[in-house]
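Read through the structure below, which is laid out as structure tokens, and then see the notes.
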Amino acid sequence: MTGAPRIPPAERYNGHVRHWWKEAVFYQVWPRSFMDANGDGVGDIRGLIDRLDHIAELGVDAIWLSPHYDSPNVDNGYDIRDYLAVAAEYGTMADFDELLAAVHARGMRLIVDMVVNHSSDEHAWFVESRSSRESEKRDWYVWRQGRPVESGEGPPNDWRSFFSGPAWTRDAETGAWYLHLFDEKQPDLNWENDDLRAAVYEVMRYWLDKGVDGFRLDVIAFVSKDQAFPDYPPEHRAKPEYVHAAGPRLLEYLSEMRREVYRGGDALAIGEAFGVTFVQAGRLVAEGSGPLDMLIHFDAVRVDRGEGWRRRDWTLPDWKRIFSEQDETMGREAWRTICLSNHDNPRLVSHFGDESETWRVPSAILLATLVLTQKGTPFIYQGDEIGMTNYRFTDISEFDDIEMRNAWALDVLGGVVDAETFLAEANATSRDHSRTPMQWDASPGAGFSTGAPWFSVNPNSSTINARAVRADEGSIYHAYRRLIRLRRDTPPLVYGDYRDHAPEHPRLFAFERRIGADACLVVLNVAGDETPWRLPDAFAGARLVFVGPGGASRALGERQDSLDLRLAPWDARVYRT
Ligand code: ISL
Ligand code: CA
């Protein structure tokens with residue numbers, strides 16, 4: 001289960017101030033697709049309570065729960081209609097309280113999602129704000145006049161929604177335009193307004209006072225906007241997230257939030273850092289002075305993302321450079337995170353491994369090894385631990401995600417790209433891959449629901465499911481358990497310095513984690529073919545402390561006599577001096 005790591009009690013370790021969240025492993029639950037207990041086909045809190053042991057037995061320390069609030073589900077809960085109410089289809093506030101107690105009873109912590117860059121347009125605040133220019137909540141959202149274009153009046157600037165189209169919608173009621181960096185049903189809150197910020201802090205205090213252990217703050221870097229609302233500078237048109245995450249008052253707002261909401265407590269503040277550079281991140285999470293504790297970056301998980309939903313090619317050295325750059329740029333006093341999967345990205349093993357029959361398990365275990373030995377707090381996404389794969393979408397009607405449906409409407413129906421190209425790329429980047437129901441057993445509905453599931457269940461649940469993997473000691477699930485325990489028992493894997501030993505190698509990811517003479521070497525053959533490699537001299541005689549199924553025939557604990565390795569396809573090994 002969980003519990004303090006075998007790291008001697010100390011204020012600092014290898015120069016880092018110790019915090020529970022630096023030593024913790026996190027597991028993300030996307031409630032709609034985790035477990036349905038009442039047979040309506042939609043995941044719910046009761047279902048999560050019933051399956052908590054599946055998570056606790058992995059040995060993780062904290063659960064990040066994606067939004068559980070009342071929402072019209074335009075963006076599956078990231079469009080909140082009432083911050084103080086549990087979504088009726090997920091259950092009641094009593095269910096939430098029971099979940100919190102059940103998580104704590106297992107020695108785990110519960111981090112809830114908080115989406116305060118925008119609300120749903122059905123939120124009472126927005127209904128009031130849009131009702132009239134004189135409304136006392138008018139300024140709680142971002143309203144601007146349009147600007148003249150040859151056809152009459154156009155949006156105030158050229159900002160684009162991340163879900164396609166302009167980031168402004170003209171509201172007929174008052175003839176003004178409101179800002180929405182995401183869907184038009186997700187109006188941006190105006191953080192310039194003191195009363196709005198006070199209302200947001202009040203909502204956050206409500207959940208902290210209930211006993212949650214902190215927040216994952218959705219696109220939190222976007223909350224400060226340049227009030228001149230200038231057009232995008234040319235260099236950021238392809239990736240506007242870097243404009244939106246660099247607003248002028250961000251540090252001020254987040255410091256205020258830290259004071260007003262956290263009030264000196266040790267609850268956790270994890271920011272979603274979409275668009276935050278590693279330099280900015282260093283300031284936002286600086287130990288003792290940054291307003292946030294950790295940030296979740298997307299540079300590594302989106303290494304294959306081009307503009308919008310488009311793909312782009314990448315190489316392993318490109319990927320490795322991101323990990324090294326994060327380590328070198330953020331500064332020693334800034335803690336990192338490792339997140340290679342979540343509800344916004346394809347399935348881990350399909351995205352970065354090999355989902356074929358032969359290599360799915362070894363490559364999934366290699367990726368688990370990477371996530372759990374890299375420098376920074378690791379995040380596991382529901383289903384990673386059982387090796388769930390992408391779904392085969394064959395038609396736009398099979399997609400649920402607003403991001404893909406809007407992109408289809410604009411780019412395919414708008415004649416920008418043909419359907420085949422769109423589907424091929426959407427099958428590589430779609431968020432829907434991670435939203436198919438959790439696969440619990442080999443029964444037709446994968447044991448997710450006794451009713452008709454809200455979204456397609458992957459047919460490979462007949463072989464890829466929790467019951468099957470828990471029964472198999474050599475499975476991905478048990479590899480995660482062993483790796484989580486290894487991490488907890490190995491201080492260099494938590495607080496050790498990071499160094500890449502083969503940055504330019506096209507197939508090998510080999511890095512060390514070191515505290516003085518106590519060092520681990522992680523050797524990953526991120527490829528389907530055999531790779532010879534010579535161990536660094538410093539690891540002559542090192543002990544093998546973890547090996548994946550594709551790896552050495554050597555027994556754990558044996559010393560590595562020869563320095564010359566022959567790594568099997570998807571071979572994953574951890575050595576310790
Ligand atoms: O799909 C993306 C943009 O192209 C993601 O990168 C995502 O939108 C971005 O990381 C922000 O994600 C968060 O905010 C969104 C919500 O749709 C995502 O589910 C959430 O994780 C708006 O709330
Ligand atoms: Ca249900």
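Read the numbers this way: they start at 1 and go in the same order the structure lists the ligands and their atoms.
If you check which protein heavy atom lies closest to atom 19 (O) of ligand 1, you get Asp344 OD1, 2.7 Å. For atom 17 (O) of ligand 1, the nearest protein heavy atom (residue, atom name, distance) is Asp75 OD2, 2.5 Å. Closest protein heavy atom to atom 9 (C) of ligand 1: Phe274 CD2, 3.6 Å. Nearest to atom 8 (O) of ligand 1 among the protein's heavy atoms is Phe182 CE2, 3.5 Å.
Here Ala37 does not reach the Ca ion (ligand 2): none of its N/O/S atoms is less than 3.0 Å from the metal. Among the atoms of Asp40, an N, O or S atom falls under 3.0 Å from the Ca ion (ligand 2). At least one N/O/S atom of Asn38, whether from backbone or side chain, sits less than 3.0 Å from the Ca ion (ligand 2).
When you scan the N, O or S atoms of Asp36 for the one nearest the Ca ion (ligand 2), you land on OD1. Taking the Ca ion (ligand 2) as reference, the nearest N/O/S atom within Asp44 carries the name OD2.
Heavy-atom distances between Glu241 and ligand 1 stay at or above 4.0 Å for every pair. Using a non-hydrogen distance threshold of 4.0 Å, Arg216 registers as a contact of ligand 1.
Comparing heavy-atom distances from atom 5 (C) of ligand 1 across Arg302, Glu403, Gln186, Arg435 singles out Arg302 as nearest. When the heavy atoms of Asp113, Asp218, Val219, Leu181 are ranked by distance to atom 20 (C) of ligand 1, first place goes to Asp218.
Under the 6.0 Å distance and 45° angle rule, Arg130 does not count as a cation-pi partner of Phe126. Arg144 forms no cation-pi arrangement with Trp168, by the criterion of a distance under 6.0 Å to the ring centre and an angle within 45° of the ring axis. Trp440 carries Arg51 over the face of its six-membered ring, with the cationic atom under 6.0 Å from the centre and within 45° of the normal.
Which parts of ligand 1 touch His118 is read off a 4.0 Å heavy-atom cut-off, strictly below it: atoms 22 (C), 23 (O). Under a 4.0 Å criterion applied to the non-hydrogen atoms of His343, ligand 1 contributes the atoms 18 (C), 19 (O), 20 (C), 21 (O). Near Glu272, the atoms of ligand 1 lying under 4.0 angstrom from a non-hydrogen atom of the residue are 9 (C), 10 (O), 11 (C), 12 (O), 13 (C), 21 (O).
Between Tyr178 and Trp143, the distance from one ring center to the other falls under 6.0 angstrom.
By the criterion of a heavy-atom distance under 4.0 Å, neither the backbone nor the side chain of Met404 is placed next to ligand 1. Counting heavy atoms closer than 4.0 Å to ligand 1, residue Arg431 contributes side-chain atoms (C-beta onward) but none from N, CA, C or O. Only the side chain of Phe163 comes within contact range of ligand 1, with a heavy atom under 4.0 Å; no backbone atom does.
In the displayed structure, Asp313 atom CG is contacted under 6.0 Å by at most 12 heavy atoms of other residues, nucleotides or ligands. Atom CD of Glu202 has 12 or fewer heavy atoms from other residues, nucleotides or ligands within 6.0 Å.
The structure places CG of Asn460 at 4.0 Å from OG1 of Thr389, a figure rounded to the nearest 0.5 Å.
Judged by distance alone, with hydrogens and angles left aside, the side-chain atoms of Asp36 form a donor-acceptor pair with the main-chain N or O of Asp40 at under 3.5 Å. Ser449 places no side-chain N or O within donor-acceptor distance of the main-chain N or O of Ala452, the cut-off being under 3.5 Å.
Each of His236, His244, His180 was evaluated against Trp159; a single residue qualifies, His244, per the ring pair (Phe, Tyr, Trp, His ring centres under 6.0 Å) test. Each of Arg467, Met438, Met35 was compared with His54 under the side-chain contact (heavy atoms from CB on, under 4.5 Å) criterion, and only Met438 meets it.
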Practice prompt. Just do the side-chain hydrogen bond (donor to acceptor under 3.5 Å, both in side chains) check on Ser120 and Asp79 with the steps written out, would you?
Written response: CA-CA 4 Å; Ser120 164; Asp79 50 320; 4.7 Å; no

